[in-house]
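Data first, discussion second: the structure below is written as structure tokens.
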There are 4 protein chains.
Amino acid sequence: MIPVTRPGRKRSEESRQAILTAAAELVAEVGYAGLSIEGMAARSGTGKQTIYRWWPSKADVLLEALAEKADLHIPIPDEGSYAADLRAFLTASFALGRTPQVIAVLRALMAEAQINPEFGVRFRAGFLHRRRDALGVLVDRARARGDLPPVPRPATVADLVFGLIWYRVLATRDPIDDDQIDELVTLLTGAD
Amino acid sequence: MIPVTRPGRKRSEESRQAILTAAAELVAEVGYAGLSIEGMAARSGTGKQTIYRWWPSKADVLLEALAEKADLHIPIPDEGSYAADLRAFLTASFALGRTPQVIAVLRALMAEAQINPEFGVRFRAGFLHRRRDALGVLVDRARARGDLPPVPRPATVADLVFGLIWYRVLATRDPIDDDQIDELVTLLTGAD
Amino acid sequence: MIPVTRPGRKRSEESRQAILTAAAELVAEVGYAGLSIEGMAARSGTGKQTIYRWWPSKADVLLEALAEKADLHIPIPDEGSYAADLRAFLTASFALGRTPQVIAVLRALMAEAQINPEFGVRFRAGFLHRRRDALGVLVDRARARGDLPPVPRPATVADLVFGLIWYRVLATRDPIDDDQIDELVTLLTGAD
Amino acid sequence: MIPVTRPGRKRSEESRQAILTAAAELVAEVGYAGLSIEGMAARSGTGKQTIYRWWPSKADVLLEALAEKADLHIPIPDEGSYAADLRAFLTASFALGRTPQVIAVLRALMAEAQINPEFGVRFRAGFLHRRRDALGVLVDRARARGDLPPVPRPATVADLVFGLIWYRVLATRDPIDDDQIDELVTLLTGAD
DNA sequence: ATTTAAGCGAGACGGTACGTCTCGTCTTGAA
DNA sequence: TTCAAGACGAGACGTACCGTCTCGCTTAAAT
């Protein structure tokens with residue numbers, strides 16, 4: 001058994017919060033490209049070393065700041081049918097991305113994940129997989145009910161749902177209207 | 001009529017090609033994060049100013065290098081039916097992204113488009129919209145034929161198709177298998 | 001016999017004047033450090049090559065501009081005595097350097113002569129030696145008259161006179177008052 | 001009383017020395033025009049920022065390097081008479097400028113002082129005034145003794161002495177021979 | 001109580017690339 | 001041949017951050 005109580009000063013929760021807050025404020029003010037560790041340290045009144053000690057990159061700070069405020073595991077209670085479950089999930093997901101600040105951070109993190117492969121691994125594990133798993137719960141539930149149409153296959157459902165969401169966020173950049181939720185539900189449940 | 005003959009030395013096509021080649025080679029060797037204007041100038045045997053004179057950022061150089069080799073307006077001949085047209089388009093699109101080098105560049109450009117808004121505008125106009133228009137031709141053709149199912153709507157077709165492709169490229173990072181083409185065709189044409 | 005009439009276009013006197021004028025104006029506006037061949041070409045409406053064709057450096061342009069306006073060989077008529085000659089020479093010399101613009105150019109040229117040895121050679125030949133020779137005429141005249149004191153030696157007279165002037169221009173930067181002319185004349189003529 | 005202990009890492013004396021040495025070596029090798037901050041950083045194995053943090057220009061680095069090796073306040077002990085004091089001062093001054101390396105640096109600094117006014121202020125305060133003050137001590141001593149001739153006035157003595165030295169360094173560029181020391185002493189002390 | 005071992009804010013360090021500026025040369029088409 | 005225009009290879013400028021390294025201090029568990 002490892003002695004968990006190490007000697008020395010404890011990590012400062014105050015500094016941690018100050019850094020997360022500074023990161024969120026700065027990215028809103030100067031954009032992700034203008035965000036720097038140096039700037040975060042200055043704004044938060046901490047030292048650069050304190051940031052480097054706990055986070056590997058500026059993207060990881062943002063990821064933690066995001067996780068702090070938005071629970072990514074939004075559980076979907078059983079709504080009775082696959083269609084109802086799906087509609088609930090989509091509505092909740094779109095609500096998550098309705099705040100421009102969150103969208104901006106998501107765009108930046110997805111971008112960083114492409115450019116910095118190590119962060120990519122962490123971003124997939126810490127964000128993308130969690131969202132995918134949340135959807136997986138619904139699909140499994142539907143499968144158990146025998147509610148699932150033959151096309152698309154369960155594995156493809158996530159690709160279509162998240163593909164559409166991310167494509168709108170990253171490429172077309174206009175918000176998803178509610179009509180599209182109905183359209184998607186219809187398409188995926190095989191209803192007419 | 002404007003006199004087209006401007007005074008002064010002409011732009012060097014030789015240097016332009018050397019820069020595009022150097023950019024493509026370097027991004028393959030050191031990755032997008034390791035790519036720099038400085039490095040491109042050194043590798044291509046040109047001066048930094050020559051690059052800054054013609055391109056606003058390293059991403060724009062890559063975009064031009066990409067456009068140079070891959071025609072983005074791949075025309076889809078009439079295959080007789082919506083389903084056949086769609087299958088041809090998807091097959092051609094996946095083939096485009098089969099070469100890892102092209103995928104790597106696309107990931108980088110989509111990332112840069114998130115981080116650098118000015119480049120984002122150019123990337124959408126110079127790449128995303130062209131691909132979307134190419135798909136639009138098929139859909140219009142199907143609509144003229146009365147071949148189009150009520151769901152999804154034409155505008156959503158592109159979101160689903162490109163959403164799925166980009167999501168796999170950016171998020172899951174595993175290649176699309178051919179079964180998924182069939183699945184997608186079935187889903188979008190409303191066939192059973 | 002060389003055919004003096006060479007083929008091709010003649011040198012443009014207009015451009016030459018425009019360049020000299022631009023150089024003089026610019027050095028007054030932005031200082032010698034801010035003066036550039038590029039700026040001179042832009043201001044004068046000429047091409048850089050035209051400047052490089054006729055002058056080896058920006059300092060040479062300034063030197064020619066200076067020579068254009070101030071005759072450096074101010075002849076000193078025989079005033080009857082060494083003391084009177086000397087006083088006339090000093091008065092004329094100080095007058096030359098009374099205009100701040102000329103002083104500024106002289107400072108810059110003397111500086112450039114230290115930094116750029118090739119220009120140093122030209123500056124000495126084109127400016128310093130001419131001034132020294134002008135003083136030499138007086139001294140020779142005095143020697144012929146037997147008017148010269150044993151100390152300082154003729155060669156040292158120039159060192160003292162020009163040394164004092166340049167030291168004030170370069171180091172102390174305050175103008176020479178007329179009392180110092182008398183002082184210098186007294187000192188050099190051995191009068192009491 | 002201000003607490004002198006400032007936070008943060010201390011300035012590296014090792015780097016400071018390495019930079020001063022590199023500056024001195026480089027100016028000897030490539031001349032002042034060829035000297036660059038970039039080159040000094042490379043040669044000294046430091047970063048450019050470290051130089052910019054402590055010195056405003058390459059000339060200031062050289063000035064400090066010069067002050068490091070040559071004490072500019074060479075005190076002149078009382079030699080008994082104004083003439084003897086003066087001879088000692090001149091001999092010491094000429095010795096200072098006998099090493100070609102020192103001369104080369106002085107030429108460069110005086111040049112830079114003309115071109116860069118801010119450095120000019122620092123050069124006068126950090127070098128010229130100190131030398132002038134050293135001479136002032138002798139003159140004051142002579143005045144106290146009643147040893148001073150009416151011409152030249154004390155203020156002009158410095159102009160003549162340093163004028164001659166600098167004129168030879170900057171303009172004629174040939175070394176001062178010892179005869180000229182005697183000549184100068186004779187002239188300034190009013191002896192025959 | 002004293003020692004030891006972090007963590008902290010601060011800031012200097014060796015680096016790298018940025019985007020700009022100017023250099024001196026070369027190329028173009030008109031005069 | 002010269003000229004105005006302007007692209008070119010080259011390379012230094014001064015700045016911004018990177019990620020690392022002292023530094024004096026605070027904090028807390030172990031001695």
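Naming convention: chains lettered A, B, ... in sequence-line order (proteins, then strands); numbering from 1 in each chain.
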Side-chain heavy-atom pair L26(A), Y32(A) within 4.5 angstrom cut-off | no

May I ask you to test the E25(B)-M40(B) pair for a side-chain heavy-atom distance under 4.5 Å?
-> no

Does G34(B) or S12(D) map to a spot on DNA chain E nearer the 5' end, using the closest nucleotide for each?
->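 Looking at DNA chain E, the more 5' nearest nucleotide goes with S12(D).
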
First of W54(D) and R11(A) reached from the 5' end of DNA chain E, by closest nucleotide |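 Result: R11(A).
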
With sequence neighbours left out, what residues match V102(B) under side-chain contact (heavy atoms from CB on, under 4.5 Å)?
->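 Once residues adjacent in sequence are excluded, the partners of V102(B) under the side-chain contact (heavy atoms from CB on, under 4.5 Å) criterion are L66(B), T99(B), L106(B).
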
side-chain contact (heavy atoms from CB on, under 4.5 Å) involving S36(C) - partner list, sequence neighbours excluded =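 With neighbours one apart ignored, the set is E38(C).
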
The nucleotide from dT1(F), dG11(E), dT22(E) with an atom nearest the side chain of R9(C) is dT1(F)

Nucleotide nearest Y52(A) (side chain, heavy atoms from C-beta), chosen from dC13(F), dC13(E), dC18(F) = dC18(F)

Audit row: Q17(D), E68(D), side-chain hydrogen bond (donor to acceptor under 3.5 Å, both in side chains) steps and yes/no = CA-CA 10 Å; Q17(D) 280 298 342; E68(D) 194 86 336; 2.9 Å; yes

Separation of atom [atom1] in [X] from atom [atom2] in [N], rounded to whole Å:
{"X": "E38(A)", "N": "dT15(F)", "atom1": "CD", "atom2": "P", "result": "15 Å"}
{"X": "N116(C)", "N": "dG24(E)", "atom1": "CG", "atom2": "C1'", "result": "14 Å"}
{"X": "I37(A)", "N": "dG15(E)", "atom1": "CD1", "atom2": "P", "result": "22 Å"}
{"X": "M40(D)", "N": "dA12(F)", "atom1": "CE", "atom2": "P", "result": "13 Å"}
{"X": "L26(D)", "N": "dA12(F)", "atom1": "CG", "atom2": "P", "result": "12 Å"}
{"X": "E112(C)", "N": "dC23(E)", "atom1": "CD", "atom2": "C1'", "result": "13 Å"}
{"X": "K58(D)", "N": "dA12(F)", "atom1": "NZ", "atom2": "P", "result": "11 Å"}
{"X": "W55(B)", "N": "dT20(E)", "atom1": "CH2", "atom2": "C1'", "result": "19 Å"}

With respect to the phosphate group of dG11(E), does any side-chain polar atom (N or O) of R6(D) fall under 4.0 Å of OP1 or OP2?
-> no

K10(A) side-chain N/O to dA29(F) phosphate OP1/OP2 under 4.0 Å | yes

Sorted by number, residues from residues 42-51 of chain C placing a heavy atom under 4.0 Å from DNA chain E are K48(C), Q49(C)

Got a sec? Which of residues 15-24 of chain B come in under 4.0 Å of DNA chain E, heavy atoms?
-> none

In this structure, CD1 of I115(A) is separated from OG of S57(A) (nearest 0.5 Å) by 11.5 Å

Only counting residues at least two apart or in another chain, list the ones meeting side chain to side chain donor-acceptor pair (under 3.5 Å) with S44(A).
-> T46(A)

Should E64(D) and K69(D) count as an ion pair when the cut-off is N to O under 4.0 Å?
->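 Looking at E64(D) and K69(D), the cut-off is not met.
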
Is the backbone of I37(A) close enough, under 3.5 Å, to the side chain of K48(A) for a donor and an acceptor to pair up by distance?
-> no

Pairwise salt bridge (Lys or Arg N to Asp or Glu O under 4.0 Å) hits with a residue in residues 104-122 of chain A, at least two apart =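 As it turns out, the salt bridge (Lys or Arg N to Asp or Glu O under 4.0 Å) pairs with a partner in residues 104-122 of chain A, which skip direct neighbours, are D60(A)-R122(A).
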
5' priority, DNA chain F, between P7(B) and P7(A) [closest heavy atom] =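 So the residue in question is P7(B).
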
